[in-house]
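Presented below is the structure to which this report refers.
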Amino acid sequence: MTGVEHLDRARHLAATLREDFLGAMIVVTTDGTIQYWNDGAHLLYGYTGDEILGRTLFETIVPSDPADEKTRRLDTATAAGSAIYESVRRRKDGTLVWVDVVGRVVSGDDGITLIALSERDITRIKYRRDAQVLQTRFREVLEAAPDAIVIVDESGRIALINSETERLFAYERNQLLGERMEILVPSRFHAGHPHHRKRYFAERQTRPMGIGLDLWGRRSDGTEFPVEISLSPLTVDGSPLAMAAVRDVSGRKRIEEALKIANEELESFTYSVSHDLRAPIRQIDGFARILNEHLDATLDDKGRHYLQRIQDGALHMGRLVDDLLHLARVGRQSPQLRQVALGTVVASVIADNFPEVPERQIEWRVAPLPEVRCDPGLMKVVFSNLLSNAVKYTRDRPHAIIEIGETERDGQTAVFVRDNGVGFDMTYADKLFGVFQRLHRVEDFEGTGVGLATVQRIVHKHGGRIWAEAQPDEGATFTFTLGPQPAPDGSA
Amino acid sequence: VSNLGEWILMAEDNPSDAELVLEALASSTAGFDIVVARDGVEALDALFLRGTHAGRAQRPPPRLVLLDVKLPRVDGMSVLRELRQDERTRTIPVVMLTSSNLTRDVAEAYSLGANSYVQKPVEFRQFRDTVRRIGEYWLTVNERAPGARVERGRS
């Protein structure tokens with residue numbers, strides 16, 4: 001073979017492969033009407049030649065602000081004869097892609113000017129390059145964060161991540177930069193995602209994502225894990241970005257699941273208690289009473305006393321079961337919070353439970369009470385217990401005084417119930433709120449030892465605290481808070 | 001007024017509770033037969049003259065059914081459901097007399113067509129008063145559905 005033969009074949013090869021090397025090749029008129037569209041362009045943008053020839057760039061692959069693209073790019077190219085620039089294109093499927101554009105203007109003999117555009121996908125390169133710039137700026141902050149941080153641009157591509165993201169999602173940094181962020185999300189959530197992102201970029205404020213929704217992340221191996229996500233807007237060099245802080249909550253979910261099962265077991269236990277424990281108690285009481293009636297004439301005082309003891313025992317057991325059930329029920333239900341005037345609750349508890357009786361002289365001193373956010377039903381239980389304790393433990397006082405009023409503790413509204421009753425020794429104050437714990441002998445003051453445990457549980461459910469102060473024979477004061485309250489203007 | 005052939009069905013698995021109910025009902029149910037079913041199957045047999053009750057002479061349905069929720073074999077809710085689905089028994093007053101007052105039990109009983117839901121008081125005196133009043137109300141005060149056992153009201 002001669003050198004000339006080689007040269008011809010090389011030229012031929014170059015001519016046939018030319019377009020493959022160039023990638024997308026598009027020829028347009030000066031107004032952007034597409035005249036030529038090669039396979040590379042089809043591959044890159046998804047449109048076939050049949051679909052796109054005769055339409056303009058601006059109604060197809062130029063995403064927004066067509067005036068800008070026309071004046072800045074095409075017109076300058078026309079004027080200068082050629083241009084090299086980076087731009088954004090929209091694929092047929094709507095996704096955005098960064099391209100490197102080389103434009104050359106060719107004026108024909110017929111006076112028609114054509115512009116040849118060679119466009120190359122540089123998305124991955126661009127994101128990696130940009131990430132490096134961002135990273136030098138934000139690296140320390142990002143790496144210090146305990147969460148996986150994923151920074152996404154308006155097109156939904158990942159602009160920057162931290163090491164925790166690599167660890168959590170099991171990807172290398174370079175596998176993610178420039179990728180669409182949906183790669184980190186299970187496919188069943190993909191459909192709605194671009195819409196949510198669009199809305200987020202429109203409102204741009206810090207907020208948790210998908211409040212009340214089940215959010216899931218997807219690792220590189222396809223496995224999923226539950227997450228919690230907080231979104232913050234970010235602007236870097238004039239470009240809007242969104243920063244997502246992603247936290248793996250599988251540990252917490254497991255605990256929640258275990259707790260749910262435990263609660264269900266407790267519920268079936270209390271069900272059995274309510275059904276199976278009550279029956280024998282009723283039978284003991286019932287048959288003792290029937291026996292009492294049956295033997296009425298023949299029974300002496302001693303016999304009657306024994307039967308009475310049996311019934312007393314049964315009734316006490318019945319009360320214990322009822323109180324325990326009540327405690328368990330209170331423990332299960334979550335408070336239904338609304339704005340409640342505590343004064344009204346206290347007034348109705350006093351009216352319902354403590355009617356005036358000639359045997360007792362009780363002076364109720366009810367100061368004005370605040371309106372607070374709480375569960376009115378549960379609050380009634382709290383006051384019934386605290387007030388009946390106050391009534392009970394003042395019963396040997398010729399003049400009982402029970403005060404209810406508002407105070408403050410650690411900047412929180414607090415309510416107290418004070419009596420001038422028998423009080424108790426503060427040495428045992430820590431036992432006061434325990435189930436079945438009593439500081440008085442049952443012969444002196446009856447009770448089951450469940451009331452204050454119930455009260456404490458309700459107060460805790462509201463995020464508050466309860467404590468008692470007392471001295472033997474000097475009365476007792478119970479004070480409780482109900483957790484942080486919303487600002488008075490109701491803005492919280 | 002003769003109550004001949006009139007009867008009450010009590011479904012109660014606990015013999016002691018059954019005895020206490022009988023004791024409490026004694027004054028208000030003079031002249032009524034009280035049939036005690038020890039589980040849901042027996043209760044349905046007594047209602048529809050099946051099983052051990054198959055040989056019995058034909059009789060009108062009971063004037064009142066006292067039904068416990070928790071019963072062996074077939075539970076009280078299932079008895080109630082079947083009883084409300086049958087033309088012959090759908091208008092019989094059914095009082096749930098039970099230890100449970102779980103909200104879901106109360107709700108289910110009413111949705112299945114119970115006429116009343118009463119939690120058995122633990123204290124016998126209250127229990128006796130309650131049961132006595134149930135008997136008086138449903139057997140004396142309350143006007144029963146006319147021709148309860150003939151085919152009527154099919155819609």
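So that the names make sense, note that chain A is the first sequence line, chain B the second, and so on, each numbered from 1.
Residue A:His294 places its NE2 atom among 12 or fewer non-hydrogen atoms of other residues, nucleotides or ligands, all under 6.0 Å distant. More than 12 heavy atoms of other residues, nucleotides or ligands sit less than 6.0 Å from atom CZ of A:Arg304. No more than 12 heavy atoms of other residues, nucleotides or ligands shown are found within 6.0 angstrom of CZ on A:Arg309. For OH of B:Tyr110, the number of neighbouring non-hydrogen atoms (other residues, nucleotides, ligands) closer than 6.0 Å is greater than 12.
When the candidates A:Ile284, A:Ile281, A:Ile290 are compared by the number of heavy-atom contacts under 4.5 Å with chain B, A:Ile290 comes out ahead.
The shortest non-hydrogen separation linking A:Ala279 to B:Asn14 is CB-ND2, 4.0 Å. Taking both residues in full, the closest heavy atoms of B:Val122 and A:Arg278 are given as CG2-NH1, 3.2 Å, listed atom of the first, atom of the second, then distance.
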Verdict with reasoning, A:Gln311 to B:Phe124, per side chain to side chain contact (heavy atoms under 4.5 Å, CB included): CA-CA 9 Å; A:Gln311 283 172 255; B:Phe124 180 66; over 6 Å; no
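Rounded to the nearest 0.5 angstrom, B:Asp17 CG and A:Arg282 CZ are separated by 4.0 Å.
Not one N or O on the side chain of A:Asp285 forms a donor-acceptor pair closer than 3.5 Å with the backbone of B:Glu123.
Among residues 340-361 of chain A, no residue has any heavy atom closer than 4.5 Å to a heavy atom of chain B.
A salt bridge between A:Glu293 and B:Arg128 is present, with a side-chain N of the basic residue lying under 4.0 Å from a carboxylate O of the acidic one.
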